[in-house]
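Some notes on the structure that comes next.
Order of appearance sets the numbers: ligands from 1, and atoms from 1 within every ligand. Along the sequence shown, the residues carry numbers beginning at 1.
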Amino acid sequence: MAAADPGSALNADWRKGPFAEIFVRAYQDSNGDGVGDLKGLISRLDYLRDLGITGIWLMPITKSQDGDHGYAVSDYRAIEPAYGTLTDLDDLLREAHARGIGVVVDYVMNHSAAQHPAFVNANSAAGNAYRDWYVFSSSRPSGWSIYGGDPWRNAREGYYFAPFWDQMPDFNLKNAAVANWHHDNLRLWLNRGVDGFRFDAVGNWSRTGRPSGRTSPRTSR
Ligand SMILES: [Ca+2]
Ligand SMILES: [Ca+2]
């Protein structure tokens, strides 16, 4: 049975006020390990409210392999362990909402981390069931240049498409199973109580098609 929409306790104007983009790792450490975390952010909510902030955009808080900005997501349904727990997120949402602050979270739909289990499977063999979750080619396509480099990377068998970094393979968003899986992930966070999303790399979403046969150089953006 589908969960009922819990609704929002926020004033309808929260979207129209000032937002703060927050890099949790760099913002406020609560336990002295030198890494910012969700508990630290919670301790700053009074300060943010006093500044007049009505919305927070959190750079990715999902588990990542980069140990940095978080855009190489290795688990779309778990909080980055250095940041805290799902319970910490629940606390953050409740405390932010109590101060009239909405919380938008980054969601990285264009690519996963190479360590994500779906890519580990996809890259394991050409016949793997997850192969079509990403963009592979048996031979190296020629004439491609994105951000000044060749987006086609050496796979265990063949090549995979990863314009940003070899550790950030692009999803094949034309695969309905992939789109449905992302939708399920998004529902999980909405049901948890987040107020919206910031979608990363939207301009790259459609650049997931297999080579069409054109040989002219292509660039992104
Ligand atoms: Ca910490
Ligand atoms: Ca893409």
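- Within the 3.0 Å limit, N31 places at least one N, O or S atom next to the Ca ion (ligand 1).
- Looking at D37, its N, O or S atom nearest to the Ca ion (ligand 1) turns out to be OD2.
- Restricting D170 to its N, O or S atoms, the one at the least distance from the Ca ion (ligand 2) is OD2.
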Give the C-alpha distance, both sets of side-chain angles, the deciding distance and a yes or no for salt bridge (charged side-chain N to carboxylate O under 4.0 Å, His left out) between D46 and R99. CA-CA 8 Å; D46 283 344; R99 292 165 175 78; 2.6 Å; yes
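- Side-chain atoms of Y134 and N123 form no donor-acceptor pair, as typed in the model, at a separation below 3.5 Å.
- With the Ca ion (ligand 2) at the apex, N204 O and N110 OD1 define an angle of roughly 80° (rounded to 10 degrees).
- Results of the side-chain hydrogen bond (donor to acceptor under 3.5 Å, both in side chains) test with Y71 over T62, N110, D66, D106 single out D106 as the only residue that passes.
- Q65 places no side-chain N or O within donor-acceptor distance of the main-chain N or O of A113, the cut-off being under 3.5 Å.
- Not one N, O or S atom of A82 sits under 3.0 Å from the Ca ion (ligand 1).
- In this model, no donor atom of one side chain and acceptor atom of the other lie less than 3.5 Å apart for H116 and Y76.
- Annotation: angle subtended at the Ca ion (ligand 1) by D29 OD1 and D33 OD1 is 80°, to 10°.
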